[in-house]
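Structure first, commentary second.
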Amino acid sequence: MDVTHRFKAGGSIIALCIISYGAFSPVAAQEPTRRLSLSEAVALFHENGLGLRLARAELEERVGNAREGRAYFNPTVSVWHEALDGALGGGPRDYEETLLSVAQTVEWPGRTAARLRGSARRIESARERFHADSLSLVFDVQRAFLEAALAEEEATILAEATGLLRAVIAAAETRFEEGDLSGYDRQRLQLELARYEGALASAELNRHATRRTLTRQLQPETVREALAPDSLPRATPPPVSEVAALAAIGNRPDVAVAALEVEADGAAAQAASLRWIPDLTLSGGYKDQSDGLSGPVVGVSLDLPLLDRGRGRAQATEARHAASMSRLALTRRVAEIDLTTRHARYESALHRSDRVGTVLLGDASLLLSAARVSYAEGEMTLLELLDAVSADRDARLIAARLRADTWVAYFDLMRAMGGETPRQSGGEIQ
């Protein structure tokens with residue numbers, strides 16, 4: 001058997017190794033696996049995610065607390081009955097009076113309007129907080145999906161490289177028996193195979209771990225079915241200009257929350273400033289006397305703001321309003337820095353994925369093809385072919401990691417921009 005025939009035989013061994021590996025994968029043998037796309041994963045999280053359920057419950061709690069600010073004074077119903085005995089005083093005997101009345105406190109209209117406005121802003125703020133929580137939770141799912149997809153691709157790449165190395169070693173054994181391969185080269189190949197198989201075993205464990213993480217996030221009640229991503233996205237995410245990133249600052253929920261808190265605190269300060277104006281309590285009812293006299297009864301009561309005019313509360317609410325305005329300015333500044341940082345991170349990842357990843361794959365693929373031809377023609381040693389296999393494996397792993405990092409940076413930027421996908425024009429998001 002010449003070198004060319006040995007290489008062709010090795011190709012059949014490669015296919016056999018890869019087929020055998022896919023059939024007896026430990027992950028596949030342990031549990032049934034359902035594959036899903038990224039959009040399906042996000043939709044499943046919206047249905048089953050425990051974190052999202054918790055965020056919704058916290059939203060309801062905040063809304064309920066904010067609605068307490070709308071509460072108005074309850075009316076008061078009172079019944080009075082008096083039975084008087086006038087025998088000792090020389091008056092009539094068995095004199096009785098019955099009084100039924102209803103009283104209602106009437107708040108100053110300006111204070112009522114301020115309370116209602118403040119309550120409405122607190123409710124909107126609670127919803128924006130839920131929006132922020134949901135964006136973070138969905139980003140966690142997207143990142144877990146991409147990490148699982150990367151683990152799947154890394155395991156596949158390492159399995160193919162290990163299968164190719166096993167085929168090379170099988171061909172090398174034939175050459176060793178014929179005296180064409182030294183014992184050192186044979187030992188070197190065996191050590192390299194051990195290293196490949198160790199990396200493959202670690203990749204398998206990582207693939208299984210990322211599947212469990214993804215499954216726990218999407219279907220926390222499921223214990224028998226593993227969820228796995230269909231594939232790592234092959235396309236490159238679209239570019240986003242820095243102008244578009246900074247223009248999305250108004251979509252950020254943290255900025256919206258800070259702005260709504262300014263309005264709510266301003267309404268609270270206005271309501272507190274009107275506290276010195278007393279509230280009226282109007283009452284009306286019916287009185288019946290045992291001497292035959294009866295008729296309607298009306299009354300008005302007014303608190304006199306002589307001892308407590310609410311100055312301390314007004315001062316506190318004004319200080320809170322000033323603090324909320326400073327907090328809004330600080331939040332906007334921090335948001336600008338955050339958007340600039342995340343945009344720069346995404347631009348760097350996009351550049352490295354477009355340039356480095358493409359060049360690596362192209363050069364390594366050409367190198368491996370040339371090495372195969374040279375080895376088949378007897379112009380290259382087995383160790384040189386091994387170097388080409390290692391270079392191709394490393395290039396594919398680096399390219400996959402760059403692609404996953406780029407998509408993670410893209411989704412992170414979208415989350416920082418408020419979760420809204422900008423309009424795309426001319427190949428670039430504007």
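Without hydrogens or angle criteria, T210 side chain to R207 main chain gives a donor-acceptor distance under 3.5 Å. R35 places no side-chain N or O within donor-acceptor distance of the main-chain N or O of A228, the cut-off being under 3.5 Å. Within the 3.5 Å criterion, the main-chain N or O of L350 finds no donor-acceptor partner in the side chain of S353. Counting only distance, with no hydrogens or angles, the side chain of Y346 and the backbone of V240 share no donor-acceptor pair below 3.5 Å. Between the side chain of D412 and the backbone N or O of V408, no donor-acceptor pair lies under 3.5 Å. Counting only distance, with no hydrogens or angles, the side chain of T317 and the backbone of A314 share a donor-acceptor pair below 3.5 Å. Without hydrogens or angle criteria, R117 side chain to A267 main chain gives no donor-acceptor distance under 3.5 Å.
Both tests hold for R393 against Y196: distance to the six-membered ring centre under 6.0 Å, angle to the ring axis within 45°.
Here the options are L150, T213, D230, the test is side-chain contact (heavy atoms from CB on, under 4.5 Å), and the partner is F145; only D230 passes.
A salt bridge between E154 and R396 is absent, with no side-chain N of the basic residue lying under 4.0 Å from a carboxylate O of the acidic one. Residues R342 and D338 are paired through a salt bridge, judged by an N-O separation under 4.0 Å between the basic side chain and the carboxylate. For the pair R122 and D265, the salt-bridge criterion is met [side-chain N within less than 4.0 Å of a carboxylate O]. Using a cut-off of 4.0 Å between Lys/Arg side-chain N and Asp/Glu carboxylate O, E261 and R121 are scored as not salt-bridged. By the 4.0 Å N-to-carboxylate-O rule, E124 lies too far from R127 to be salt-bridged with it. Here E192 pairs with R188 in a salt bridge; the nearest charged N to carboxylate O distance falls below 4.0 Å.
Residues P237 and T406 form a side-chain contact, since some pair of their non-hydrogen atoms from C-beta on lies under 4.5 Å apart. Taking 4.5 Å as the limit, some side-chain heavy atom of P253 sits within range of a side-chain heavy atom of L135.
The salt bridge (charged side-chain N to carboxylate O under 4.0 Å, His left out) test applied to R34 returns E225, not counting sequence neighbours.
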Residues F411, F139; criterion ring-ring contact (aromatic ring centres under 6.0 Å, His included); working and verdict
CA-CA 7 Å; F411 288 126; F139 172 68; 7.7 Å; no
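The closest side-chain donor-acceptor pair between S283 and S101, if any, does not fall under 3.5 angstrom.
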